[in-house]
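Below is one structure, written out as structure tokens; comments come after it.
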Amino acid sequence: MSTNDSTYEVYAIRYAHHPRRASENFLGGDPHDGPMPMDYFVWAIVGVQRTFVVDCGFDAEMARKRGRQLVRTPADGLKTIGIDPAAVRDVIVTHMHYDHAGCLDMFPSAKYHVQDREMAFCTGRLMCHEHARIPFEAGDVVTMVRKIFEGRVEFHDGDDELAPGVTIHRVGGHSMGLQVVRVRTRRGWVVLASDASHYYANMEQGRPYPILYNVGDLLEGFNTLRRLAESPAHIIPGHDPLVLVRYPAARAGLEGVAVRVDAELVGE
Ligand SMILES: [Zn+2]
Ligand SMILES: [Zn+2]
């Protein structure tokens with residue numbers, strides 16, 4: 001297999017924003033509280049033969065309901081880098097939270113990759129607890145259940161290979177069945193952490209984000225990210241605005257919109 005066949009371009013595409021304080025981003029708050037805004041991303045893994053989209057984002061109605069600022073629809077975000085959602089065949093859903101599983105229907109031709117435990121979690125007894133339901137939307141869960149009945153969901157249990165150079169790994173922690181994605185790129189193994197680490201600071205300082213299923217799994221997940229990635233600089237956190245600063249724009253004009261995380265770092 002040639003290098004071209006087995007390495008991928010990897011994009012982070014920003015679709016929403018939420019101004020907030022640091023105390024909201026760490027379990028137990030933050031003694032140096034100050035502004036620490038959150039960005040929302042979808043990701044794309046583009047190879048010679050196959051393209052994978054990682055997560056689906058949310059739509060304008062959900063942005064209004066949840067008080068988030070939608071800066072572009074996830075579909076428009078994908079189009080900025082030349083991906084037509086209608087043509088996408090594989091969507092990896094890292095977990096079923098509203099900001100990752102909200103626009104499932106934008107991919108009419110896709111198969112969805114989820115972990116057994118995530119679907120068991122969001123359709124099971126723990127959803128009887130109001131606290132556990134907070135990051136989920138019943139509509140998203142129902143939509144995924146319909147995809148199951150359409151034969152369009154592929155379940156995974158733990159680690160799996162989706163293609164040469166693209167593997168998924170359950171880390172749990174933040175949600176029961178959260179999975180991260182490891183991709184072979186021109187600079188080595190890049191890991192899309194999604195919410196295994198919302199910000200660089202969560203994993204670098206060992207401080208969990210407050211929405212948790214299991215704190216032990218979350219802390220171990222930080223180690224798993226470091227084990228899977230070529231270096232700590234190859235881990236892409238799920239919600240950190242710094243990702244847009246550290247990596248080059250996907251092309252001229254897409255600064256702050258879409259960056260190439262398979263490229264060498266350019267920012268601070
Ligand atoms: Zn989440
Ligand atoms: Zn999230």
Side-chain angles (χ1 to χ4, degrees), residues 12-20 22 24-27 36-44 53-59 62-63 65-74 77 91-104 112-115 117-124 126-127 129-141 143-144 168-181 191-203 207-215 217-219 221-222 224-225 235-244 261:
I13 303 147
R14 174 179 182 259
Y15 73 90
H17 183 71
H18 186 227
R20 54 168 63 199
E24 298 175 66
N25 295 327
F26 299 100
L27 187 63
M36 191 176 182
M38 176 173 281
D39 276 341
Y40 296 78
F41 297 91
V42 293
W43 301 271
V53 169
V54 180
D55 290 341
C56 307
F58 53 71
D59 63 13
M62 190 54 56
K65 177 179 174 185
R66 297 259 182 178
R68 270 54 174 166
Q69 302 165 359
L70 192 77
V71 294
R72 63 188 57 80
T73 65
V91 175
I92 302 166
V93 180
T94 62
H95 61 307
M96 287 297 294
H97 287 173
Y98 80 96
D99 53 323
H100 298 260
C103 300
L104 292 165
Y112 300 84
H113 299 271
V114 293
Q115 289 280 329
R117 285 194 203 178
E118 187 67 3
M119 289 311 296
F121 181 38
C122 70
T123 56
L126 286 172
M127 292 301 113
H129 298 279
E130 188 180 356
H131 178 79
R133 288 196 299 267
I134 291 170
F136 294 96
E137 286 288 334
D140 299 339
V141 176
T143 300
M144 188 64 98
I168 50 179
H169 307 267
R170 187 187 63 237
V171 302
H174 168 69
S175 191
M176 188 194 273
L178 176 80
Q179 57 186 349
V180 304
V181 188
V191 176
L192 296 174
S194 183
D195 291 359
S197 193
H198 286 63
Y199 293 88
Y200 284 103
N202 295 115
M203 59 182 169
R207 299 163 67 198
Y209 186 81
I211 293 177
L212 278 168
Y213 170 72
N214 179 310
V215 70
D217 287 350
L218 187 114
L219 292 169
F222 294 148
T224 301
L225 293 173
I235 303 169
I236 313 301
H239 287 276
D240 200 325
L242 276 176
V243 170
L244 296 163
V261 299

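Just the heavy atoms: all of them, side chains too, but no hydrogens, waters or symmetry mates, feed the values below. Small disclaimer: the values here were computed from a predicted structure and weren't measured. Whatever order the structure lists them in is the order used to number ligands and atoms, beginning at 1.
- For Arg66 and Tyr98, the side-chain atoms include no donor-acceptor pair closer than 3.5 Å.
- Under the 3.5 Å distance criterion, with hydrogens and angles disregarded, no donor-acceptor pair is assigned to the side chains of His239 and Asn25.
- A donor-acceptor pair under 3.5 Å is formed between the side chain of Asp59 and the backbone N or O of Met62.
- Not counting sequence neighbours, the partners of Gln115 by the side chain to side chain contact (heavy atoms under 4.5 Å, CB included) test are Glu118, His156, Ile168, Arg170, Gln179.
- Under the 3.5 Å distance criterion, the side-chain polar atoms of Asp55 are matched with a main-chain donor or acceptor of Thr94.
- For the Zn ion (ligand 2), the neighbouring protein N/O/S atoms at less than 2.8 Å, given as residue and atom, are Asp99 OD2, His100 NE2, Asp195 OD2, His239 NE2.
- A donor-acceptor contact closer than 3.5 angstrom links the side chains of His95 and His97.
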